[in-house]
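Reviewing the structure listed below.
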Amino acid sequence: MKTFIKIHPADNVAVALSPLSAGQTLDIDGISITLKEDIPQGHKFSLRPLSNGEKIIKYGNPIGFIQTSIPEGTWIHTHNLKTGLSDLLTYSYAKNISELEPTIPKTFLGYRRPNGKVGIRNEIWIIPTVGCVNNIATTLERQTRKLVGGTIDGICAFPHPYGCSQMGDDQENTRRILADLINHPNAGGVLVLGLGCENSNIDVLKPYIGSYDPNRVRFLVTQECKDEIAQGLQILEELVSYVSSFKRRPIDCSELIIGMKCGGSDGLSGITANPVVGAFSDLLISKGGSTILTEVPEMFGAETLLMNRCETEELFNKTVALINDFKAYFKSHNQTIYENPSPGNKKGGISTLEDKSLGCTQKSGNAPVRDVLAYGDCVTMKGLNLLSAPGNDPVASTALAAAGAHIVLFTTGRGTPFACPVPTMKISTNSDLYKKKGNWIDFNCGSMVDGKSLTELSNELFDLVIDIASGKQTKSEAAGFHDMAIFKQGVTL
């Protein structure tokens with residue numbers, strides 16, 4: 001078993017794949033290095049003496065500056081490493097793309113909707129227009145559990161605190177995300193549950209929804225009926241009758257859209273799980289499918305790698321705006337742009353935002369960037385898409401679902417039980433997490449440390465995604481978890 005890794009030939013640090021002890025001598029590129037101190041799993045150590053102010057190179061790119069002169073074999077982390085990032089930048093387009101070779105087609109068993117869209121679940125969603133009716137929505141979900149079965153995969157309520165007392169972009173975000181979810185093909189039927197006096201009431205929301213099938217989308221304004229629970233139950237029973245008519249059929253995986261997210265990362269995230277997801281992304285795209293990368297603040301420091309993979313200069317300019325607009329958002333609230341990574345990330349070995357970002361963007365693989373989406377936009381282009389959303393796990397994952405993702409692949413070195421509106425696959429970066437939280441984790445990439453290859457794991461992950469697209473439940477689905485969160489940016493009245 002490998003105990004450390006030098007990720008890129010240009011790196012001046014290596015990463016411990018398992019805990020290493022002070023005094024231990026390692027052979028790296030034919031040179032013997034004796035560790036000066038203990039190195040926790042996922043953490044970095046120097047491969048040569050480094051001078052104060054020298055760049056630390058990992059993944060072949062700078063992740064910050066060393067703050068004091070150190071000998072080889074020294075632990076490098078937040079105590080002696082400082083970010084090298086700055087505020088708004090000017091970028092130049094240096095196109096560097098590699099087209100993927102097509103690979104053999106693959107099918108999954110999904111649901112073809114009357115409008116031509118494809119779903120991987122045949123669920124009924126209860127979507128409140130405003131937080132005031134959340135308890136009604138969850139009561140309806142609870143009282144209709146007995147109706148789930150056969151071809152009905154679930155009846156799910158998605159409570160949230162928004163839809164009223166919001167201003168500007170906040171209200172717009174709510175309306176767009178709710179409309180996106182109402183139109184999502186994983187829902188065979190939808191009950192839109194309104195109060196009646198809210199800003200984002202049903203009549204206001206309908207133009208955002210656009211044309212809809214009245215058999216599939218039903219509306220209930222609770223202020224306008226005598227018994228909203230009884231009427232809601234009647235509507236849901238009628239939706240069950242409609243949704244039951246859909247059956248799974250073979251569908252080419254070119255119609256799959258997969259979201260990619262990481263959270264609770266550790267020092268192995270950019271070495272095991274994220275590269276495996278990146279290889280998966282390339283494999284799906286080579287078969288005509290689509291993937292979405294988000295978490296814009298966790299692109300800071302690695303953004304030029306994505307910019308130069310943009311297929312056109314127009315997409316490059318959109319990616320520049322994606323990055324700088326998010327930085328401007330931070331600055332408008334007087335917040336530090338580079339206040340990242342989180343405490344859990346740091347404990348796992350991630351020292352600076354560049355360190356996290358260069359690992360995070362491994363999930364994008366090597367495919368060209370085909371489109372750049374604003375928050376609330378839906379995927380229209382096949383291939384790799386970039387989506388504007390923050391790094392917060394529930395907010396970013398909900399944004400991926402709203403953009404059209406059928407499944408979200410969520411890599412983690414710390415673990416988390418949450419789920420978003422679509423099946424949320426948890427992928428561990430290390431085997432200890434997989435063994436400890438088997439009730440959360442769907443797939444283990446920690447086995448790379450034990451000798452499994454990137455290709456082997458990405459093919460196994462692809463097969464599992466096909467199984468889940470065909471009806472196999474994720475761990476969070478089996479637990480009955482389904483969450484949503486909308487991006488909150490502004491004033492609440």
- Flag for Glu354-Tyr59: side-chain donor and acceptor within less than 3.5 Å: no
- Message: Looking at Glu255 and Arg112, is there a salt bridge between them, counting it only when a charged N and a carboxylate O are closer than 4.0 Å?
- Response: yes
- Query: So among Thr222, Ile126, Thr138, Val221, which one has a side chain to side chain contact (heavy atoms under 4.5 Å, CB included) with Val133?
  - Reply: Thr222
- Note on the structure: Between Glu295 and Cys360, the two heavy atoms sitting closest are OE1-SG, 3.6 Å
- Message: Quick check on side chain to side chain contact (heavy atoms under 4.5 Å, CB included): which of Asn385, Leu322, Asp377, Leu387 does Val372 satisfy it with?
- Response: Leu322
- Task: Check the side chains of Thr129 and Glu198 for a donor-acceptor pair under 3.5 angstrom, ignoring hydrogens and angles.
- Result: yes
- Item | Donor-acceptor pair between His482 and Glu123 side chains, under 3.5 angstrom | no
- Query: Does any donor atom in the side chain of Lys356 or Ser265 lie under 3.5 Å from an acceptor atom in the other side chain?
  - Reply: yes
- Message: Whether Arg113 engages the ring of Phe246 as a cation-pi pair (distance to the six-membered ring centre under 6.0 angstrom, angle to the ring normal within 45°) should be assessed.
- Response: yes
- Message: How close do Ala399 and Tyr375 get, counting heavy atoms only, and between which atoms?
- Response: CB-CE1, 3.7 Å
- Message: Checking Pro390 now: which residues fulfil side-chain contact (heavy atoms from CB on, under 4.5 Å) with it, not counting sequence neighbours?
- Response: Phe326, Val395, Phe487
- Provide the closest heavy-atom pair for Met260 versus Val277 in the form atom of the first, atom of the second, distance. SD-CG1, 3.7 Å
- Message: On the six-membered ring of Phe443, is Lys426 placed so that its NZ or CZ lies under 6.0 angstrom from the centre and within 45° of the ring axis?
- Response: no
- Thr492 side chain to Gln166 side chain, donor-acceptor N/O pair below 3.5 angstrom: no
- When you measure from the centre of the six-membered ring of Tyr212, is the NZ or CZ of Lys206 under 6.0 Å away and within 45° of the axis? no
- Any donor-acceptor pair under 3.5 Å from His333 side chain to Gln335 backbone: no
- Check whether the side chains of Ser431 and Asn444 place a donor and an acceptor atom closer than 3.5 Å, and report yes or no. yes
- Message: Before you tell me yes or no, could you show the steps for Thr474 and Asp442 under side chain to side chain donor-acceptor pair (under 3.5 Å), namely the whole-Å CA-CA distance, both residues' side-chain angles and the distance that decides it to 0.1 Å?
- Response: CA-CA 7 Å; Thr474 62; Asp442 297 281; 4.9 Å; no
- Message: Under 4.0 Å between a side-chain nitrogen and a carboxylate oxygen: does that hold for Arg414 and Asp266?
- Response: no
- Task: Heavy atoms only: give me the nearest Thr83-Thr352 pair and the separation to one decimal.
- Result: N-CG2, 3.8 Å
- How close do Asp282 and Leu100 get, heavy atom to heavy atom, and via which atoms? O-CD1, 3.4 Å
- Any side-chain donor paired with an acceptor under 3.5 Å for Tyr91 and Asn317? no
- Message: Taking the basic N atoms (NZ, or NE/NH1/NH2) and the acidic carboxylate oxygens, is any pair closer than 4.0 Å for Arg248 and Asp153?
- Response: yes
- Message: Could you check whether Lys106 pairs with Asp252 (Lys NZ or Arg NE/NH1/NH2 to Asp/Glu carboxylate O, under 4.0 Å)?
- Response: no
- Closest non-hydrogen atoms of Pro161 and Asn134, given as atom of the first, atom of the second and distance, are N-ND2, 4.4 Å
